[in-house]
Amino acid sequence: MAPWKALPEHLDPQAGRLVDRLRRLKDATGLSFTALATRTSYSRSSWERYLNGRKLPPADAVTELAVLAGADPDRMLALHTLAAQTWTGPQPKDAATPGTSGAGAEPTEPEPEPAPGAVPEAAAAAPAPAEPDAPAAVPPALIGEPDGPAEPVRARPARRTLLAAGGALVVVAAVLAVVVTLVLPGRGSAGAGEEEHRRTATEEFAFEPDRTYDCDIHRFEGRLYAGHSDTQDALLQQISTTWEVVEAQCLLEHRGYRIGGIDGAYGPATERAVKRLQDKEGLVVDGIMGPHTWEALRR
């Protein structure tokens with residue numbers, strides 16, 4: 001397969017990256033420009049301009065070539081979007097060049113302009129003016145080929161644009177949902193009227209022997225909270241290591257039952273403190289945190 005011509009020097013790196021990737025896709029198909037024109041909605045001369053870097057290809061042309069080559073259309077459309085933002089190259093005349101080319105043939109240059117005064121073939125074959133009630137003809141510039149025969153207008157690009165916009169909105173909504181979840185844990189289900197006691201831990205608890213935790217002691221609806229768990233009935237006993245243990249240790253320390261450190265591990269010191277609380281409150285003294293002990297601890 002013959003090597004490609006060098007890209008115009010004025011092309012921005014993003015535009016050059018798009019054209020280079022399109023060239024690779026064409027090489028992967030093994031199709032000539034003529035064969036490529038028969039397999040897509042775009043003419044041979046249009047593909048020559050696109051792959052020579054002389055004109056920005058339409059998004060739908062990029063999609064059709066990606067599908068032919070078995071590549072990911074969405075990835076190619078992303079490259080096309082970046083290239084469109086920086087494309088500053090000249091827009092040459094888009095006249096179709098007759099003739100054929102074999103597989104891998106070099107892109108050909110456009111034929112010379114017609115002599116002054118000559119009536120272009122396209123103009124000679126142009127249809128008669130439309131009746132007053134007929135829809136106005138679509139200007140070639142709106143179709144994407146400024147100076148030459150207009151390429152087929154299809155509804156598919158508009159439909160793809162709508163789908164892409166809808167997908168972008170879904171992604172934005174998902175990102176916002178994640179941000180709200182991370183920044184305001186628990187607010188979605190708690191309601192706007194709840195207090196800051198909902199600032200409970202959301203990460204999975206992992207015991208670290210040398211780590212201690214701060215306590216945010218506050219009262220809500222007549223109960224004490226420490227900012228690590230809202231539980232009212234979690235069963236805790238020796239060897240438990242959870243955020244509920246951190247919550248219980250904070251409240252025990254706040255009530256004057258010393259345990260030596262808030263580390264999230266339900267050890268002998270925590271069990272002794274729980275027993276002292278149970279004894280004072282007239283509960284069964286078993287050293288196990290349960291619903292009745294939690295109720296007494298949060299008063």
Side-chain angles (χ1 to χ4, degrees), residues 1-114 120-122 140-154 156-161 163-164:
M1 186 169 292
W4 290 95
K5 292 181 180 179
L7 293 175
E9 295 182 357
H10 65 263
L11 279 187
D12 180 89
Q14 296 288 6
R17 187 174 297 111
L18 171 66
V19 176
D20 179 68
R21 182 59 180 154
L22 290 174
R23 287 178 169 184
R24 294 186 184 185
L25 293 182
K26 177 189 175 298
D27 289 343
T29 65
L31 299 174
S32 65
F33 282 102
T34 301
L36 188 59
T38 63
R39 299 284 296 276
T40 65
S41 305
Y42 296 86
S43 66
R44 174 181 180 274
S45 58
S46 295
W47 280 115
E48 290 175 350
R49 284 187 292 275
Y50 303 154
L51 299 182
N52 272 334
R54 291 189 284 118
K55 186 171 185 62
L56 178 68
D60 204 43
V62 173
T63 299
E64 291 189 20
L65 181 54
V67 171
L68 278 177
D72 183 1
D74 292 335
R75 186 179 299 275
M76 292 303 301
L77 287 175
L79 292 177
H80 179 272
T81 300
L82 295 175
Q85 295 173 355
T86 58
W87 193 281
T88 57
Q91 298 294 320
K93 290 187 178 297
D94 201 5
T97 303
T100 58
S101 59
E106 279 289 326
T108 60
E109 295 296 330
E111 291 187 351
E113 294 291 332
E121 185 177 333
L142 297 182
I143 300 176
E145 301 293 339
D147 301 308
E151 294 183 353
V153 180
R154 297 169 303 282
R156 198 164 28 163
R159 193 161 59 244
R160 182 175 299 280
T161 300
L163 290 175

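If you read the sequence from its start, that first residue is 1, and numbering goes on from there. Here the structure is a predicted model, which is why all the values come from computation and not from measurement.
- Rounded to the nearest 0.5 Å, atoms CD (E64) and CG (L25) are 13.0 Å apart.
- By the side chain to side chain contact (heavy atoms under 4.5 Å, CB included) test, E9 is found to be paired with no residue, residues two or more places apart in sequence or in another chain being considered.
- In this view, L79 and R17, L18, R21, M76 satisfy the side chain to side chain contact (heavy atoms under 4.5 Å, CB included) rule, not counting sequence neighbours.
- The distance from the OH atom of Y50 to the CG atom of L65 is 11.5 Å, given to the nearest 0.5 Å.
- Counting only distance, with no hydrogens or angles, the side chain of H80 and the backbone of T63 share no donor-acceptor pair below 3.5 Å.
- A pairwise comparison of heavy atoms in P73 and A66 identifies CA-CB, 4.0 Å as the closest pair.
- The nearest pair of heavy atoms linking L22 to P57 is CD1-CG, 3.8 Å.
- Every residue two or more places apart in sequence or in another chain was checked for a salt bridge (Lys or Arg N to Asp or Glu O under 4.0 Å) with R75, and none qualifies.
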Exercise. Could you go step by step and tell me if S45 and S43 meet the side-chain hydrogen bond (donor to acceptor under 3.5 Å, both in side chains) rule?
Worked result: CA-CA 5 Å; S45 58; S43 66; 3.2 Å; yes
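- Under the rule for a side chain to side chain contact (heavy atoms under 4.5 Å, CB included), the partners of L82 that lie at least two apart in sequence or sit in another chain are Q14, Q85.
- Rounding to the nearest 0.5 Å gives a distance of 6.0 Å between CG of N52 and CZ of R23.
- Residues meeting the salt bridge (Lys or Arg N to Asp or Glu O under 4.0 Å) test with D20, sequence neighbours left out: R24.
- Put simply, CD on E48 and NZ on K55 are 14.5 Å apart, with the number rounded to the nearest 0.5 Å.
- Closest heavy-atom contact between W87 and G53: CZ2-O, 3.7 Å.
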